[in-house]
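One structure below.
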Amino acid sequence: MSSYFSDLAQQYIDGEWRPGTGSWDVIDFNPYNDEKLASITVATVEEVDLAYQAAARAQKKWAETNPYTRRAVFERALRLVEDHEQEIADLITAELGGTRVKAGFELHLAKEFLRESIHLALRPEGKILPSPGDGKENRVYRVPVGVVGVISPFNFPFLLSLKSVAPALALGNGVVLKPHQNTPIAGGTLIAKIFEDAGLPGGLLNVLVTDIAEIGDAFLEHPVPKVISFTGSDKVGRHVATVCARHFKRSVLELGGNSALVVLDDADVDYAVDAAVFSRFVHQGQVCMAANRVLVDRSVHEEFTEKFVAKVRSLKVGDPSDPQTVIGPVINSAQAGAISGTVEQALAEGATALVHGTTTNNLVEPSVLTGIPADSPLLQQEIFGPVVFLIPFDGEEDAVRIVNGTPYGLSGAVHTGNIERGVAFAKRIDTGMFHVNDGTVHDEPIVPFGGEKHSGLGRLNGETTMEAFTTVKWISIQHGRSGFPF
């Protein structure tokens with residue numbers, strides 16, 4: 001790896017790079033060739049405490065710092081990302097098996113979110129509100145929550161760590177970040193390095209590489225953080241929410257999905273095929289917004305299926321560093337095995353494989369399945385890999401019923417020749433986000449991002465990020481004298 005990433009296989013606590021003191025190591029592997037990238041001794045419960053205490057100490061002065069001064073840190077961080085863009089792309093390819101297209105997509109969004117954080121530093125505004133009492137002045141201040149704990153996933157680790165870390169810092173908070181153990185550098189220590197070089201005061205951002213096997217719920221239960229921002233599975237998210245509620249903490253949960261891309265009878269079939277292939281197979285399908293299900297009106301089902309299958313068969317599977325590769329490795333062998341198991345279960349239930357991909361190590365070729373029984377439990381769950389279910393439907397009512405018939409509600413898309421028909425359809429779907437004549441995978445810095453049902457709690461981006469990482473405080477002033485009843 002580049003010299004810029006040297007010595008990042010450590011903990012970053014209170015402005016210092018240091019080894020963890022746990023009794024075992026997280027081994028960071030390249031999922032394509034199993035090359036060992038790094039070995040990091042895990043952080044312990046004691047180091048969780050050190051990190052949170054450091055963030056709490058540093059945060060008080062940071063909150064009082066002129067927001068224009070805070071803003072300059074994010075301007076420098078953005079320049080550092082731009083200066084090292086190729087090296088970061090190479091890291092994304094090596095550490096998580098991201099293709100060149102995927103690395104470019106993640107870096108583009110990461111830069112956009114850093115740009116938004118530059119503006120976010122100046123965004124909080126107070127209010128003066130009227131009072132029914134004579135001589136009373138009501139001031140409402142928007143202030144940082146204090147310290148935010150961030151837990152990020154392996155699929156878009158650089159982006160999804162920055163998406164919480166940068167705004168929380170810009171708004172005057174301290175942060176402790178725990179990246180996924182499969183992506184400790186791209187999702188963790190790299191971000192610490194960038195902000196350290198950008199001049200962020202020591203202690204404000206801490207990065208802990210560890211695992212619940214070592215620390216249990218200490219990261220969630222610690223008394224310092226007031227908000228926990230978690231991105232990951234709904235199963236773990238439910239646990240995070242439960243622990244946070246028990247300790248009177250706010251949780252922001254960006255969880256899984258079971259999104260559908262719907263092709264109505266008046267859609268541009270060729271365009272819908274392109275959108276559907278990208279929506280399912282970008283980053284090997286390891287995307288919460290990916291289209292697990294592609295629903296097609298029966299009147300265009302035969303044409304769509306023929307073209308969709310042909311395009312899927314053309315996708316190159318292999319080395320993610322090859323610019324021609326579309327499908328690289330999934331993150332680890334457990335994930336590869338689970339995806340293969342899903343395909344075999346679907347076939348055992350009566351589905352037909354129009355494309356039946358094989359699995360070699362962590363390379364999972366695409367599978368396209370049709371004819372899966374409507375009551376199959378597989379249609380109710382998120383599938384985090386290159387497997388798609390093609391489902392015909394008869395008219396819009398049938399499509400709405402099928403789309404809404406899962407516990408999830410994150411993203412989705414509909415294709416139609418009539419924009420307002422698409423909007424009307426989108427309004428009927430129980431989901432946090434829905435797109436007309438586009439793919440299902442989108443994220444933009446100022447548009448609320450999040451899901452309904454089991455897909456999460458709360459929103460991020462723009463104004464909703466400010467609400468997530470700040471709170472309001474009412475201070476009243478009595479000009480003159482109040483009258484009291486006794």
Side-chain angles (χ1 to χ4, degrees), residues 31-32 92-93 96-106 108-109 153-156 159 256-263 269-296 304-332 335-336 338-340 342-343 346 351 353-370 372 378-379 381-391 410-413 415 435 438-443:
Y32 175 67
I92 289 170
T93 296
L96 56 137
T99 64
R100 291 300 177 186
V101 168
K102 190 269 185 189
F105 184 63
E106 182 166 2
H108 167 73
L109 283 174
F154 67 79
N155 58 338
F156 280 76
L159 168 65
N258 186 5
S259 299
L261 185 143
V262 180
V263 184
V269 171
D270 291 325
Y271 177 59
V273 165
D274 290 344
V277 171
F278 176 81
S279 297
R280 175 64 270 189
F281 297 108
V282 61
H283 193 41
Q284 295 76 266
Q286 298 174 121
V287 184
C288 57
M289 297 170 280
N292 282 6
R293 302 168 294 153
V294 175
L295 278 58
V296 187
F304 179 92
T305 300
E306 180 181 343
K307 292 177 176 179
F308 182 79
V309 167
K311 180 146 189 165
V312 171
R313 288 190 187 279
S314 74
L315 302 179
K316 181 175 180 179
V317 180
D319 185 349
S321 65
D322 181 346
Q324 301 304 312
T325 295
V326 175
I327 308 272
V330 297
I331 192 66
N332 55 39
Q335 192 76 6
I339 297 163
S340 298
T342 295
V343 174
L354 303 178
V355 179
H356 191 177
T358 61
T359 298
T360 306
N361 299 321
N362 293 336
L363 284 176
V364 181
E365 295 178 343
S367 290
V368 179
L369 305 175
T370 190
I372 189 163
L378 295 177
L379 292 174
Q381 65 190 49
E382 180 177 42
I383 298 172
F384 223 55
V387 178
V388 64
F389 297 123
L390 277 185
I391 303 170
L410 185 59
S411 185
H415 280 251
H435 309 285
D438 210 336
T440 62
V441 180
H442 292 283
D443 198 357

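Just so it is clear, the values below take in all heavy atoms, side chains as well, and ignore hydrogens, waters and symmetry mates.
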(request) Nearest 0.5 Å please: distance from the OG atom of Ser367 over to the CD1 atom of Ile339. (result) 9.5 Å
(message) Less than 4.5 Å apart, side chain to side chain, heavy atoms only: is that true for Leu378 and Phe389?
(response) yes
(request) With side chain to side chain contact (heavy atoms under 4.5 Å, CB included) as the test, would you mind laying out the steps for Val101 and Val326 before giving the verdict? (result) CA-CA 8 Å; Val101 168; Val326 175; over 6 Å; no
(message) With a 3.5 Å distance limit and no angle check, can you tell me whether Thr325 reaches the backbone of Ser321 through a side-chain donor-acceptor pair?
(response) no
(request) Give a yes or no on this: more than 12 heavy atoms of other residues, nucleotides or ligands lie within 6.0 Å of atom CG of Asn361. (result) no
(message) Using only atom types and a distance under 3.5 Å, with no angle test, would you say the side chain of Ser411 pairs donor to acceptor with the backbone of Thr440?
(response) yes
(message) If I compare all heavy atoms of Thr93 with all of Ala103, which pair ends up nearest, and what's the gap?
(response) OG1-CB, 4.5 Å
(message) The criterion is ring pair (Phe, Tyr, Trp, His ring centres under 6.0 Å); which residues satisfy it with His442, sequence neighbours excluded?
(response) His435
(message) Nearest 0.5 angstrom please: Lys316 NZ to Thr99 OG1, how far?
(response) 12.0 Å
(message) Does the structure place the NZ or CZ of Lys102 under 6.0 Å from the centre of the six-membered ring of Phe156, at an angle of no more than 45° from the ring's axis?
(response) yes
(message) Measuring from atom NZ of Lys311 to atom CG of Asp270, what distance do you get when rounded to the nearest 0.5 angstrom?
(response) 9.5 Å
(request) For Cys288 and Ser259, work out which heavy atoms get closest and say how close. (result) O-OG, 4.4 Å
(message) Restricting to non-hydrogen atoms, name the atom on Pro329 and the atom on Leu363 that form the minimum distance, rounded to 0.1 Å.
(response) N-CD2, 3.6 Å
(message) I'd like to check the side-chain hydrogen bond (donor to acceptor under 3.5 Å, both in side chains) partners of Asp443; sequence neighbours left out, ordered by chain and number.
(response) Lys163, Asn461
(message) Checking the side chain of Gln286 only, and the main-chain atoms of Val330 only, is there a donor and an acceptor separated by less than 3.5 Å?
(response) no
(request) For Val294 and Arg280, run side chain to side chain contact (heavy atoms under 4.5 Å, CB included): C-alpha distance rounded to whole Å, both residues' side-chain angles, the deciding distance at 0.1 Å, then the answer. (result) CA-CA 9 Å; Val294 175; Arg280 175 64 270 189; 5.6 Å; no
(request) Find out whether Glu365 and Ile327 are in side-chain contact, i.e. whether some heavy atom of one side chain is under 4.5 Å from a heavy atom of the other. (result) no
(request) Return yes if some donor-acceptor pair links the side-chain N/O of Glu382 with the main-chain N/O of Gly257 below 3.5 Å, else return no. (result) yes
(request) Please list, chain by chain and in numerical order, all residues satisfying side-chain hydrogen bond (donor to acceptor under 3.5 Å, both in side chains) with Asn362, sequence neighbours excluded. (result) none
(request) Give the C-alpha distance, both sets of side-chain angles, the deciding distance and a yes or no for side chain to side chain contact (heavy atoms under 4.5 Å, CB included) between Leu369 and Val387. (result) CA-CA 8 Å; Leu369 305 175; Val387 178; 4.0 Å; yes
(request) Could you tell me which non-hydrogen atom of Ile331 sits nearest to which non-hydrogen atom of Pro31, and how far apart they are? (result) O-CB, 3.4 Å
(request) Give the minimum heavy-atom separation between Leu354 and Arg313, together with the two atoms involved. (result) O-NH2, 2.7 Å
(message) Once ring pair (Phe, Tyr, Trp, His ring centres under 6.0 Å) is applied, do any residues pair with Phe281, and if so which ones, sequence neighbours excluded?
(response) none
(request) Find the distance between CG (Asn292) and CG (Asn258) and round it off to the nearest 0.5 Å. (result) 4.5 Å
(message) Can you tell me how far apart CG (Leu96) and CD (Glu106) are? Round to the nearest 0.5 Å.
(response) 6.5 Å
(message) Holding to salt bridge (charged side-chain N to carboxylate O under 4.0 Å, His left out), I want the full list of residues that pass it with Arg100, two or more places apart in sequence or in another chain.
(response) Asp90
(request) Find out whether Ser279 and Val287 are in side-chain contact, i.e. whether some heavy atom of one side chain is under 4.5 Å from a heavy atom of the other. (result) no
(message) With rounding to the nearest 0.5 angstrom, report the CZ to CG distance, Arg293 to Leu390.
(response) 12.5 Å
(message) Holding to ring pair (Phe, Tyr, Trp, His ring centres under 6.0 Å), I want the full list of residues that pass it with Phe304, two or more places apart in sequence or in another chain.
(response) Phe308
(message) What I want to check is whether the side chains of Thr359 and Ser340 have a donor and an acceptor closer together than 3.5 Å.
(response) yes
(request) Could you check Phe105 against Val441 for side chain to side chain contact (heavy atoms under 4.5 Å, CB included), going step by step and ending with a plain yes or no? (result) CA-CA 11 Å; Phe105 184 63; Val441 180; 4.2 Å; yes
